[in-house]
2 protein chains.
Amino acid sequence: MEYMQQPTPVLRRPLHEEAADRIRDLIVQGQLAPGTRLNERLLTAQFGLSRTPLREAFKVLATEGLVELLPNRGAIVSQIDAERLAQTLAVMGALEALAGEFACLNATEAQLNEIRALHYEMLAHHARGDLAGYFKFNQAIHLKIVKYSGNAVLHTTYRQMNGYVRRARYMANLSRERWDAAIGEHNEILAALGARDAKRIKALLSDHLAHKLASVLAELGRPQAKQVA
Amino acid sequence: MEYMQQPTPVLRRPLHEEAADRIRDLIVQGQLAPGTRLNERLLTAQFGLSRTPLREAFKVLATEGLVELLPNRGAIVSQIDAERLAQTLAVMGALEALAGEFACLNATEAQLNEIRALHYEMLAHHARGDLAGYFKFNQAIHLKIVKYSGNAVLHTTYRQMNGYVRRARYMANLSRERWDAAIGEHNEILAALGARDAKRIKALLSDHLAHKLASVLAELGRPQAKQVA
DNA sequence: TTTTTGTATTCTGCATGCAAAATGGAATAC
DNA sequence: GTATTCCATTTTGCATGCAGAATACAAAAA
């Protein structure tokens with residue numbers, strides 16, 4: 001026979017990937033707080049695998065910046081450093097502005113409608129004063145814009161940085177003014193997307209993320225001297 | 001006694017880091033061509049370590065995108081995909097434009113002088129028609145600008161992408177016109193840096209990288225349909 | 001009490017072992 | 001000649017073993 005059997009969809013994923021995904025989720029969701037030690041014995045027992053793939057997962061997560069490897073003292077969940085947070089948000093701003101441009105050019109109408117749906121969900125949560133719900137849909141919108149840019153490198157990079165930033169939970173005391181302003185900005189962003197106005201969306205997203213950064217910096221009390229963010 | 005002995009500078013680095021660094025260099029320098037299989041037995045023999053840290057290094061390099069892990073078939077040097085290359089260059093453009101702004105604000109005069117020195121070295125190689133020498137100093141200048149932005153996240157991200165891109169060696173047949181134009185752009189960039197003109201350097205770097213991208217796309221024959229780069 | 005020292009235990013970093021999968025031919029069938 | 005089957009060898013993925021570093025903690029000293 002000369003036909004090929006397609007390589008079995010996903011019979012089994014490598015254990016180190018499985019482990020990395022599970023730990024990553026625990027970290028990003030906040031179940032594993034910054035500074036928490038990642039005890040190998042406990043985690044191998046919890047995940048039902050051996051130390052080898054677990055330790056491989058540690059290395060992957062360290063490369064992503066979610067975990068810190070201390071020589072001879074194992075791995076801890078990386079601390080949320082105010083300066084690094086600010087720097088990351090600055091970079092995310094540039095990335096998302098670029099993503100917005102591409103999304104204007106490449107996104108299908110169906111994809112824009114997905115974003116519109118999320119937008120109205122978000123408005124609903126804002127109207128109710130539900131910050132957590134707002135936050136969730138807000139995140140989803142930003143991620144969709146980046147995804148529909150069609151640039152996979154951009155998407156991967158952005159998501160990784162978002163994983164670091166999400167842990168900060170700085171939104172907890174978002175002021176009402178800033179919240180309302182953000183909603184206004186989102187309305188404009190949606191309009192620009194619908195109009196496929198790349199220049200405008202770039203400017204809007206750039207400003208939107210700059211405001212977000214400013215509000216985070218205010219929250220943190222501007223601990224850094226230089227303006228690298 | 002209550003004094004602390006400082007934690008020994010670097011008595012020994014973890015083996016997986018050592019291995020990752022060595023393999024990364026081999027890949028970025030082009031000694032290990034895209035598609036090359038990374039045989040564990042050979043590499044452990046060559047590096048004088050066991051499979052465990054070597055395989056950890058593979059996972060790190062896979063996370064960085066330099067290596068691809070094929071289930072049950074080990075690791076290969078990742079292929080240079082034209083689309084991914086274009087997407088990466090687009091992202092690097094946005095990153096470097098941002099870096100330029102920060103560098104204008106943060107770089108010391110001494111740091112600018114370093115960049116000036118590299119610039120003149122580059123001009124010398126251009127004058128001699130030495131493409132390899134030009135390429136080397138051109139790279140160095142761009143990396144310095146990103147470094148002196150003072151944004152470590154930006155720097156790390158940019159360097160990682162640069163590692164992927166460098167392997168393409170697309171500069172091999174840079175046209176004389178484009179080369180001369182690039183030199184002109186670099187002169188302007190240097191002037192804007194010296195003048196600490198953030199707005200201008202952002203525009204200049206954005207254009208400069210867009211031109212670079214265009215020249216690479218021309219080289220590759222524009223294989224992608226959508227404009228995601 | 002507070003600090004220091006000694007020691008048992010735990011944990012990490014790396015090497016090695018083992019089963020399953022993949023690879024490379026040689027022999028066979030078409 | 002080309003394609004298929006079989007088997008030996010290699011290679012991978014993961015588990016386990018072992019030495020040394022780190023940690024915890026009790027006893028001794030200040």
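Computed from a prediction, not measured in an experiment: that's the story for all the values here. By convention in this document, chain letters (A, B, ...) are assigned in the order of the sequence lines, proteins followed by strands, and residues within each chain are numbered from 1.
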Is the backbone N or O of A:S78 less than 3.5 Å from a side-chain atom of A:R167, with the two atoms forming a donor-acceptor pair by type?
yes
Partner set under side-chain contact (heavy atoms from CB on, under 4.5 Å) for A:L15, not counting sequence neighbours:
A:R12, A:L49, A:P53
Looking at every non-hydrogen atom in both residues, tell me the closest pair between B:S149 and B:N106 and how far apart they are.
O-ND2, 3.0 Å
Going by heavy atoms in the side chains, are B:L154 and A:Q87 under 4.5 Å from each other?
no
Using atom CZ of B:R41 as one end and atom C1' of C:dG17 as the other, report the distance to the nearest whole Å.
17 Å
Please state how far atom CD in B:E18 lies from atom P in C:dG13, giving the value in whole angstrom units.
16 Å
Between B:R37 and B:R73, is there a donor-acceptor pair closer than 3.5 Å when you use the side chain of the first and the backbone of the second?
yes
Distance (rounded to the nearest 0.5 Å) between A:E40 CD and A:F58 CZ
5.5 Å
d(CG, B:L42; P, D:dT10) in whole Å
12 Å
What string of B, S and - do you get for nucleotides 13-18 of chain D, 5' to 3', when a contact is any protein heavy atom under 4.0 Å?
BBBBB-
Between CG of B:L54 and P of C:dG13 the distance, given in whole Å, is 17 Å
d(CD1, A:I76; P, C:dT12) in whole Å
12 Å
Spacing of B:N39 atom CG relative to C:dA22 atom P, expressed in whole Å
17 Å
If only side-chain N and O atoms of B:R37 are considered, is one of them under 4.0 Å from the OP1 or OP2 phosphate oxygen of C:dA22?
no
If you fit an axis to the five pairs at each end of the helix from C:dT1-D:dA30 to C:dC30-D:dG1, how big is the angle between those two axes, to 10 degrees?
20°
To the nearest 0.5 Å, what is the distance between NE2 (B:H16) and CZ (B:R55)?
15.0 Å
Is it the case that the side chain of B:T44 and the backbone of B:S50 share a donor-acceptor pair, with hydrogens and angles ignored and the cut-off at 3.5 Å?
no
